[in-house]
Amino acid sequence: MSNIKFLLGQRIRELRRSKGLTQEKLAELVGIGTANISYIETGKFAPSIENFEKIANALGVQPVELYMFEPLKSPNELKAELFEAIENNEKLLRLVYKFYLSVK
């Protein structure tokens with residue numbers, strides 16, 4: 001099995017779950033069988049280009065985001081990582097603060 005197919009399948013599963021979708025619902029939105037979604041998520045099959053695009057649309061992401069294999073982190077994990085980075089880097093703290101002021 002290709003490592004990229006496996007990682008792509010894991011990413012699709014992760015995004016599907018984060019959106020609260022079942023395999024059945026994703027399959028319905030894409031217009032393929034539930035077994036095909038299962039095969040894609042386990043890395044047994046790679047989706048066709050057409051289904052790849054439909055999967056991205058159904059998950060509400062840009063197609064390139066399906067290849068962002070780094071796992072999604074919880075808000076608490078993101079906060080902890082960011083706070084640790086800011087604590088050790090004054091330039092980063094100032095940059096984050098400027099960004100915060102621009103969006104608040």
Restricting to non-hydrogen atoms, name the atom on [X] and the atom on [Y] that form the minimum distance, rounded to 0.1 Å.
| X | Y | result |
| --- | --- | --- |
| Leu21 | Leu59 | CD1-CD2, 4.0 Å |
| Tyr67 | Leu8 | OH-CD2, 4.0 Å |
| Gln23 | Glu41 | NE2-OE1, 2.8 Å |
| Arg11 | Phe69 | CB-CD2, 4.2 Å |

Crowding at [atom1], [X] (>12 non-hydrogen neighbours, <6.0 Å):
| X | atom1 | answer |
| --- | --- | --- |
| Glu53 | CD | no |
| Glu24 | CD | yes |
| Phe52 | CZ | yes |

>> Run the side chain to side chain contact (heavy atoms under 4.5 Å, CB included) test on Ile32 and Ile40 for me, step by step, so that the C-alpha distance in whole Å, both residues' side-chain angles and the decisive distance to 0.1 Å come before the verdict.
In response: CA-CA 11 Å; Ile32 61 177; Ile40 290 168; 4.2 Å; yes

To the nearest 0.5 Å, how far apart are [atom1] in [X] and [atom2] in [Y]?
| X | Y | atom1 | atom2 | answer |
| --- | --- | --- | --- | --- |
| Ile37 | Ile12 | CD1 | CD1 | 7.0 Å |
| Asn88 | Phe83 | CG | CZ | 13.5 Å |
| Leu92 | Leu82 | CG | CG | 6.5 Å |

>> Would Asn76 and Lys79 count as a side chain to side chain contact (heavy atoms under 4.5 Å, CB included) here? Give the steps.
In response: CA-CA 5 Å; Asn76 287 338; Lys79 283 184 215 173; 4.0 Å; yes

Pair up each side-chain donor or acceptor in residues 97-104 with any protein partner under 3.5 Å, not counting sequence neighbours, and list the distances.
unit_1: Ser102; atom_1: OG; unit_2: Phe99; atom_2: O; d: 2.7

>> For a side chain to side chain contact (heavy atoms under 4.5 Å, CB included) check, start with the C-alpha distance between Leu95 and Asn89, then their side-chain angles and the critical distance, and finish with the verdict.
In response: CA-CA 10 Å; Leu95 179 63; Asn89 187 329; over 6 Å; no

>> Between Tyr39 and Ile4, is there shared hydrophobic-cluster membership here, with clusters defined by ILVMFWY side-chain heavy atoms closer than 4.5 Å?
In response: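 Yes; Ile4 is reachable from Tyr39 via cluster members.
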
> Between Asn36 and Val30, is a side chain to side chain contact (heavy atoms under 4.5 Å, CB included) present by the stated rule, with each step listed?
Replying inline: CA-CA 10 Å; Asn36 289 339; Val30 174; over 6 Å; no

>> Arg94: which residues meet the side-chain hydrogen bond (donor to acceptor under 3.5 Å, both in side chains) condition with it, sequence neighbours left out?
In response: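 Counting only residues at least two positions away or on another chain, Arg94 forms a side-chain hydrogen bond (donor to acceptor under 3.5 Å, both in side chains) with Glu90.
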
> For Leu26, which of Arg13, Lys19, Arg16 qualifies under side chain to side chain contact (heavy atoms under 4.5 Å, CB included)?
Replying inline: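 Answer after filtering Arg13, Lys19, Arg16: Arg16.
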
